[in-house]
There are 2 protein chains.
Amino acid sequence: MDARTKFYQFVERQGLRHTGQREKILTIVLATEKHVSAQELYDLVQKKHKEIGYATVSRTLKLLADSGVCRIVDFGDGVHRYEHQYGHGHHDHLICTKCGMVAEIYSEELEEIQSKLVKKHGFVQTRHKLDIFGLCSKCKT
Amino acid sequence: MDARTKFYQFVERQGLRHTGQREKILTIVLATEKHVSAQELYDLVQKKHKEIGYATVSRTLKLLADSGVCRIVDFGDGVHRYEHQYGHGHHDHLICTKCGMVAEIYSEELEEIQSKLVKKHGFVQTRHKLDIFGLCSKCKT
DNA sequence: GTCAGATTTGATAATGGATATCATTATCAA
DNA sequence: TTGATAATGATATCCATTATCAAATCTGAC
């Protein structure tokens, strides 16, 4: 299912409404191939749609996360970042603590081991988040 | 090396000072076998030492994290939690999103795969953080 | 032990991101 | 078209963390 469909199905199921702002924000989110904070997204939105306020951007991001179109990325610096899940599936992050570069990583093996661990503890997994911090190849010397 | 030694070696190396407040806070942190926020720790400290202020607790936690005695646990709810690393080594977290229960998990296999992934990307790893969210055995029904 | 200089402390203010408020506007089923 | 209700945008509020600064404390030198 494509992102737009998924979002509006969610919106409808919740008894919410289809609005111009949500449409415009969703379009920009889907066109952005990196994680953005509410402030960063607001700046992007402002370039095209001066009339859309910060609160709406922030609320829409939350809605996108709730609908599963975006997921929240949190590197522990007090800022929530969001990234959409289309064109690239689940992945974890490798973050350079010097230059801030972020690489996406994925390993089937890793996912499997995690699943096993979770089952062993009697949990039902809904989501997980692995962030590895270090120095990238450029910064490590 | 024990936690106290590690902390004071760090403090000394940084040209900082050994103070009564740091000593008292460190003692309480080491006696607490779970992760605490600055506020929670402040409450604990207040029970024994009414004269120690919030700012000092907060600053000392940061120092403990910098020294490697504690590590920061951040579940993305905007609160920094800290846990000391003594008596139990590195571990990840399994968090129940319903009741808030937190289980510590560890897998050698998982750690190894992570190391391999990091190397493949040319990174040098300093730390990592894996949080798995889901429902615990009591809440999943 | 005392002193000088530097750090730490504690109370509180400032900061900053997220969320709440509320009057106005927009949506949508009937 | 309309009435009920959700959404918006500007701004206020919240809350954890961090900064500020005068007073207290620590530490090495004498």
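Quick note on labels: first sequence line is chain A, next is B, and so on, each numbered from 1.
At whole-Å resolution of the value, CG in A/L61 and C1' in C/dA18 are 12 Å apart. The CG-P distance, from B/L63 to D/dT18, rounds to 13 Å in whole Å. What separates CD1 of B/I25 from P of C/dT8 is a distance of 13 Å, to the nearest Å. To the nearest angstrom, P of C/dT8 lies 10 Å from CD of B/Q14. We find that NZ of A/K50 is positioned 17 Å from C1' of D/dA10, with the value rounded to whole Å. Between the CZ atom of A/F75 and the C1' atom of C/dG17 there is a distance of 17 Å, given to the nearest Å. Here the P atom of nucleotide C/dG10 and the OH atom of B/Y54 are 14 Å apart, to the nearest Å. Atom NE2 in A/H18 sits roughly 12 Å away from atom P in D/dA7 (whole-Å rounding).
For D/dA12, the paired base is C/dT19 (Watson-Crick or G-U wobble, both distances below 3.5 Å). Checking C/dG10 for Watson-Crick or G-U wobble geometry (two distances, each under 3.5 Å) identifies D/dC21 as its partner. Across all strands shown, C/dA30 forms a Watson-Crick or G-U wobble pair, both distances under 3.5 Å, with D/dT1.
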Report task. Show the numbers, then the answer: is there a salt bridge (Lys or Arg N to Asp or Glu O under 4.0 Å) between A/E12 and A/R17? Result -> CA-CA 7 Å; A/E12 206 168 317; A/R17 292 170 182 177; over 6 Å; no
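Neither OP1 nor OP2 of D/dC26 sits under 4.0 Å from any side-chain N or O of B/Q21.
Residue contacts shown for A/Q39 are absent, as no nucleic acid heavy atom lies under 4.0 Å away.
The aromatic ring centres of A/H18 and A/Y8 sit less than 6.0 Å apart. Ring to ring, A/H35 and A/F75 are close: their centroids are under 6.0 angstrom apart.
The residue among B/L16 and A/R59 whose nearest nucleotide of DNA chain D is located toward the 5' end is A/R59. Positionally, the nearest nucleotide of DNA chain C for B/T19 lies more toward the 5' end than for the other of B/T19 and A/H80. DNA chain D is contacted by both B/G20 and B/G78; B/G78 maps to the nucleotide lying nearer its 5′ end (nearest heavy atom per residue).
The base of C/dA6 sits within donor-acceptor range of the side chain of B/R17, with an N or O pair under 3.5 Å.
Ring planes of B/H80 and B/Y82: perpendicular class, angle over 60° (limits at 30 and 60°).
Atoms CG and CD1, from B/L117 and A/I132 in turn, are 6.5 Å apart once rounded to the nearest 0.5 Å.
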